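Keep in mind that what you see is a predicted model, and the values were worked out from it rather than measured.
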Amino acid sequence: MEQVSSGRSYFSSTRIACIAMFATLAGILYIFKFPLPFAFPGFLEFKFADIPILIGSFTLGPISGAIIVVVGILIKLVFKGTTTMFVGDLSDVLTSCAFAVVAGIIYSRKRTFKGALAAMGLGTLAEVIVALLANRFILIPFFSEAYGWDAIIGMMNKLFPGCTRETFYNYYLWVSVLPFNLLRCLVTILVTLPVYKHISVLINRFNTKLTPKNDENGVKTKKINIISLVVGIAIILILVLFALLHFFVFSKMGK
């Protein structure tokens with residue numbers, strides 16, 4: 001699978017359109033995340049957002065993959081808001097970026113099936129490590145301050161009756177966070193492997209149709225790319241604005 005051709009400009013109109021498409025899918029899938037209470041604590045919510053993120057990173061490159069993550073989270077924040085003062089959303093950005101960027105970098109250097117497997121494997125390792133660190137030093141400290149240790153321990157006791165504050169991190173990090181993120185990555189890999197090549201072919205065809213014909217100096221292409229970039233930045237700023245408005249309006253209503 002080849003990367004989308006963009007001439008001299010990285011942010012071509014095709015690339016921006018594809019980023020928008022993958023980010024929209026990721027944003028929708030971020031909204032529809034759900035817990036697996038029979039296997040993991042309720043605050044670990046499963047989502048399929050990493051699928052379009054990984055496909056986008058493979059197809060467009062690791063930088064585009066990171067942008068897809070951020071824009072997808074912004075879309076989720078606009079429509080659903082945050083219940084964690086953006087702390088949980090920051091964790092989602094860190095873990096998804098770790099997976100997509102590492103995988104995208106490796107695959108961009110070795111665009112073969114074996115390269116894809118290596119990229120996914122190392123991307124999984126990166127996401128797991130970041131998830132462990134984020135939960136240990138960001139999420140749990142926040143939740144313990146916001147809701148108290150009793151509430152957190154109570155959720156853990158439903159699955160692990162022997163969990164106490166002293167043994168919490170042993171149960172939570174190694175029996176919950178580790179297998180949970182391995183499962184997330186495994187599902188993403190199993191879905192991505194059979195479809196990413198076909199999607200790449202479609203994107204390259206789309207790129208060919210969008211590229212102006214007989215444009216020897218690339219003037220028309222540059223104009224289209226500049227307009228697309230400006231529109232893309234404007235959309236991101238609007239998403240940030242609406243995400244902040246959603247947060248402040250609903251937080252005041254909650255009071």
Side-chain angles (χ1 to χ4, degrees), residues 1-4 6 10-34 45-80 88-108 111 113 115-117 119-124 126-128 130-131 180-207 210 228 231-232 235-236 239-240 243:
M1 179 180 61
E2 298 294 332
Q3 275 189 308
V4 176
S6 56
Y10 180 84
F11 289 107
S12 67
S13 56
T14 306
R15 187 182 297 274
I16 292 172
C18 292
I19 288 173
M21 176 186 70
F22 286 123
T24 300
L25 289 173
I28 293 171
L29 294 173
Y30 272 123
I31 292 171
F32 293 103
K33 55 185 180 180
F34 53 91
E45 295 182 305
F46 196 88
K47 54 184 174 293
F48 296 101
D50 281 344
I51 296 171
I53 290 169
L54 180 60
I55 295 174
S57 187
F58 270 14
T59 308
L60 306 170
I63 296 175
S64 298
I67 296 172
I68 291 168
V69 172
V70 174
V71 176
I73 292 290
L74 287 174
I75 292 172
K76 174 260 178 184
L77 289 172
V78 168
F79 289 98
K80 194 174 181 181
D89 307 295
L90 172 62
S91 178
D92 283 338
V93 169
L94 293 175
T95 54
S96 293
C97 277
F99 186 44
V101 172
V102 171
I105 290 173
I106 294 169
Y107 185 68
S108 66
R111 306 182 71 82
F113 183 73
L117 292 178
M120 291 174 178
L122 291 175
T124 297
E127 174 167 332
V128 168
V130 171
F180 177 81
N181 282 276
L182 286 174
L183 177 62
R184 269 181 54 184
C185 292
L186 178 61
V187 171
T188 299
I189 290 170
L190 291 177
V191 175
T192 301
L193 274 176
V195 301
Y196 80 92
K197 283 190 176 181
H198 303 289
I199 293 174
S200 177
V201 170
L202 290 175
I203 290 175
N204 281 317
R205 289 177 181 173
F206 179 59
N207 180 56
L210 281 185
S228 300
V231 172
I235 290 173
I236 291 174
L239 288 173
V240 171

* What pairs of residues pass the salt bridge (Lys or Arg N to Asp or Glu O under 4.0 Å) test when at least one of them lies in residues 65-77, not counting sequence neighbours? -> Lys76-Asp89
* Asked: What are the two closest non-hydrogen atoms of Gly56 and Ile68, and how far apart are they?
  -> CA-CD1, 3.8 Å
* Kindly compute the distance separating CE (Met120) from CZ (Phe58), expressed to the nearest 0.5 Å. => 4.0 Å
* For Leu182, which residues count as a side-chain contact (heavy atoms from CB on, under 4.5 Å) partner, sequence neighbours excluded? -> Thr124, Val128, Leu178
* To do: Take Phe48 and Val191 through the side chain to side chain contact (heavy atoms under 4.5 Å, CB included) test and state the conclusion after the steps.
  => CA-CA 10 Å; Phe48 296 101; Val191 175; 6.0 Å; no
* Going from CG on Leu202 to SG on Cys18, what distance comes out if it is rounded to the nearest 0.5 angstrom? -> 10.0 Å
* Who are the side-chain contact (heavy atoms from CB on, under 4.5 Å) partners of Ile63, not counting sequence neighbours? -> Tyr10, Ile67
* Qualifying salt bridge (Lys or Arg N to Asp or Glu O under 4.0 Å) pairs, either residue in residues 46-66, two or more places apart -> Lys47-Asp92, Asp50-Arg184
* **side-chain contact (heavy atoms from CB on, under 4.5 Å) partners of Ala98, counting only residues at least two apart** => Ala126, Val130
* Asked: What distance do Leu60 atom CG and Ser200 atom OG have between them, rounded to the nearest 0.5 Å?
  -> 8.5 Å
* Structure fact -> In terms of heavy-atom contacts, Asn181 and Ala131 come closest through ND2-CB, 3.4 Å
* Can you name the one residue among Thr95, Leu94, Leu122, Thr188 that meets side-chain contact (heavy atoms from CB on, under 4.5 Å) with Glu127? -> Thr95
Hey, can you pull the donor-acceptor pairs under 3.5 Å for the side chains in residues 19-33, sequence neighbours left out?
residue: Thr24; atom: OG1; partner: Ala20; partner atom: O; Å: 2.7
residue: Tyr30; atom: OH; partner: Ser96; partner atom: OG; Å: 3.0

* Structure fact -> Closest heavy-atom pair, Arg111 versus Ser108, reported as atoms and distance to 0.1 Å, is NH1-CA, 3.6 Å
* Do you know which two heavy atoms are closest between Ile106 and Gly115, and how far apart they sit? -> CG2-O, 4.2 Å
* To do: Please report the closest heavy-atom contact between Val78 and Leu239, naming both atoms and the distance.
  => CG2-O, 3.3 Å
* Looking only at heavy atoms, which two atoms of Ala103 and Ala119 are closest? And how far apart? -> O-CB, 3.2 Å
* To do: Please tell me if the side chains of Cys185 and Phe99 come closer than 4.5 Å, counting only heavy atoms from C-beta onward.
  => yes
